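Below, chains carry the letters A, B, ... as their sequence lines are ordered, and counting in each starts from 1. Side chains included, hydrogens not; waters and symmetry mates left out as well; all remaining heavy atoms used. All values derive from a computational prediction rather than experimental measurement.
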Amino acid sequence: MANETQTQNVSVNNFEQCLKCSICTVYCPVSAVSPEYPGPKQAGPDAERYRLKNKEFFDDALKMCLNCKRCEVACPNDVHIGDIIQAARIKYNTHRPKLRDMMLANTDFVGTMASPFAAIANPILKLKPMKAVLHGVMAIDKHRTFPDYSSRKFESWFKKNAASEQEKFNKHVSYFHGCYVNYNYPQLGMDFVKVMNAVGYGVHLLEKEKCCGVALIANGMPKQAKRQGEVNMTSMRKAIAKGHQVLTTSSTCTFTMRDEYDHLLGIDNHDVRDSISLATRFLFQLIEKGEIKLAFREDYHKRVAYHSACHMERMGWAPYSTRLLRMIPDIDFVMLESQCCGISGTYGFKKENYERSQAIGKGLFDQIKEVTPDCVATDCETCKWQIEMSTGTPVMNPISIIAEALDVETTRKLNKLD
Amino acid sequence: MKFDIIIIGGGLSGLTAGIALAEAGKDVALVSAGQSSLHFGSGSLDLLGCDEKGNDIYNPLDAIKEVNSKHPYNKLENVSSLAGMAKQLLERAGIATTGNATSNHWRITPIGGLMPTWLSMEGMATVEDPNQMPWRKVALVNIVNYLDFPTKFLAAGLRDKGVEVDIKAVTLPELQELRKSPTEMRATNIAKVIGNNDLTAKLADQVNSVAGEDYDMVLLPAVLGMTNDKNSKHLLELIKTPAQFVATLPPSVPGVRMQTMLRRRFTALGGTFFTGDQVTEGLFEDNILKGVKTAKLDGTTLESDNFILATGSFMSRGLRADYNHVYETALGVDVDDLGLDRKTWAKIDVTDAQPYMEMGVKTDENLRCMRNGTTISNLYAAGSILSGHNSIKRLDAGGVDMLTALQAANNIIK
Ligand code: SF4
Ligand code: SF4
């Protein structure tokens, strides 16, 4: 009897496991720079007790949480603090999102609108008067530069230049490219295709791909996020039925679809989750099993500093990317201390958050300036904007570094493609 | 994923072993489930502070010869040389300490007691002899509204020892901002605010204005320098009177600094850190551990030639108890429950020495773990998960953590 009582005492998101040690507070990037924020322990497990009694205890300050999950990574008792906070926002927040937040959240809609006009949109978004309008009317901070919209979407490039060759391969994967690759930086998608093809994998797009929804969750639009998530799950099920793994080149998309769908949005993804992986992890695992080989150019040297993005840290997968990068023979590899860069997706774009966002990232920027790498490597696209803007150091996805360093011909031979 | 050595547990013990092995050129991985108990640290490490009766020990190296036969210190080849190695390892990580293994010194606890200890981080307030306080008149300078530094207790403790004490308080506008969320005015947030806004010099001015030269010591809460000792050192230099830090209630800034600097050293040596992940299963073949599975790396096995289990005791969840058993959580290795009847695990008076504290994993003379009674030839245990000691009663936590870790590393390298 006693044993049963004990083992059945399970609390949602483990909130009863909290022993009030305050370790989470030490690692919350917000609580030090924003004293008005109650901090993870207080906003999470502590206040949850009150909220369970009465929803009036919901505190608007919770929207200051970046959902970086660094508190969860630090907690010695596996309390899902970030989940508790985000779930409370979804459950109790009654405010409708502002127009600005809706725009920032709908990365794919805005991308669709901007891409055809990239030649016009990019310079306009950079003009001082336009920035002033964004700053004043839309409350998008004037210091920010919008990531350029690419004039050609990744999907269009793929269909025109790559799709037809993919059937030639014996093995296949599906690629969830995400909004960033599609609208802002198709080069990363091209690099991914280059690497996968070189090791004998054909790449395919999903039947239908929607934004993973991370920005919708952050900006208070969980219903739309859920709808989009369901579309992604349906497409992925079809790909998985064909025997494909679904790969991404973004740690945040991966984390959202594997973990947040289920934990926050109530999307049933249990049959899909294990088949969603990050490209670096997929490659590393195949290399380790001896199923593929990579050969690198002998003349490739680079000093690379790796930054563990928050959601990469939460997934615990950084070693896949770093050990993959360290396979490049002449790479001078430096591991940066894991800290939040402050951008947290769309958060740092908002006028009210700009200074906070820069203050949070300061430790990381100082570190990068000290290390003076040729480039920073990270698996997250929004970290790229933030770090490039704040340090001037170029930032690359590990897949792009692999693609750059790869000796394609030798790799193809090693994988018996020629 | 394959490594030379995998260490389970990222606290003082795991990091010590990890650094020692990485310094020896090994490819080391460390799997850590959340942050460690260093966050409750005092800025000092104990080797052996009290004898069986609870009296202070002056020479820990001598006293170690008398520990009972179950104590993990019996499995160390040369305590004196390991203790020296531990101090040097800290130093190479940038953590300068005072103290040595042949004579304890005394640190000041946050509530005004004096505790015997082995190594103290530089800048922490210590005394050489608890019966002879080195100060005549002390200024105890707190930060306004900071509650984790109970000045009245501290003052009372020091006055008991014949020291004259004045309590003072200083503040800066940036620090008072922290009070907006009363629960968040913690040592580590104060350290971040001081660091982010370069407030060290301003804080020193404030301290100098309330604690003039008629004091022979200024004591301050240890709230500077979470990631390095730059600000804490600088503050002490800028204060005109001799000044030192006293540990606060947790979270502890010196503890976080120690953790951060050890981890930095480990990573700089090429070590791989698996953060916030948990070992869920050991893959045993005969009496060998082949690999471990973790909660987050599904589909990947972490493999290596040797393993060290350094997950800590009950508080760090290396050990757990249900109503009838005590068990080891990561790999299910054998636990020595001292053969105690369930009813005698704990004493009613919480301040009594608790018998369960001496429970821990069983190891052979080489610190190797056992499973179902058989020794696992490549799995070592280190730190507070070891059976046979009570770190609260004997004040031996730092020594057990670091010295058994170094011994396990030596046993592996041999
Ligand atoms: S770190 Fe975990 S256990 Fe500690 S206070 Fe935060 S939620 Fe609670
Ligand atoms: S998720 Fe990040 S910002 Fe939110 S409480 Fe946790 S550590 Fe702080």
Item to check | salt bridge (Lys or Arg N to Asp or Glu O under 4.0 Å): pairs with one or both residues in residues 317-331 of chain A, sequence neighbours excluded | outcome: A:Arg323-B:Asp27
Checklist outcome for this item: Assert top hit (heavy-atom pairs under 4.5 Å, partner chain B, pool A:Tyr320, A:Trp317, A:Tyr37) equals A:Tyr320
Next on the checklist: Can you confirm whether more than 12 heavy atoms, excluding those of B:Lys230, are under 6.0 Å from its NZ atom?
Outcome noted: no
Checklist entry - Which bit of B:Ser36 is near chain A, if near means a heavy-atom gap under 4.5 Å: side chain, backbone, both or neither? => result backbone
Checklist entry - If you count heavy-atom pairs under 4.5 Å between each of A:Val73, A:Val334, A:Asp46, A:Val26 and chain B, which one has the most? => result A:Val26
Checklist entry - A:Val33 and side chain to side chain contact (heavy atoms under 4.5 Å, CB included): which partner among B:Val193, B:Asn189, B:Asn196? => result B:Asn196
Checklist entry - side-chain hydrogen bond (donor to acceptor under 3.5 Å, both in side chains) with B:Lys290: which residues, sequence neighbours excluded? => result none
Checklist entry - So what's closer than 4.5 Å to chain A heavy atoms on B:Arg179: side chain, backbone, both or neither? => result neither
Item to check | Closest non-hydrogen atom pair between A:Ile23 and B:Gln35, with its separation | outcome: CG2-CB, 3.6 Å
Item to check | Donor-acceptor contact below 3.5 Å, side chain B:Arg317 vs main chain A:Pro76 | outcome: yes
Checklist entry - Just by modelled atom types, is the A:Glu288 backbone N or O under 3.5 Å from a matching donor or acceptor in the B:Lys2 side chain? => result no
Next on the checklist: Is B:Phe273 close to chain A through its backbone or its side chain, or both, or neither, when contacts mean heavy atoms under 4.5 Å?
Outcome noted: backbone
Checklist outcome for this item: Of the listed A:Gln42, A:Met335, A:Glu72, A:Lys41, the one with the largest count of heavy-atom pairs under 4.5 Å with chain B is A:Gln42
Checklist entry - A:Arg258 and B:Asp298: which non-hydrogen atoms are nearest, and at how many Å? => result NH2-OD2, 3.5 Å
Checklist entry - Does any heavy atom of chain A fall under 4.5 Å from the side chain of B:Met185, the backbone, both, or neither of them? => result neither
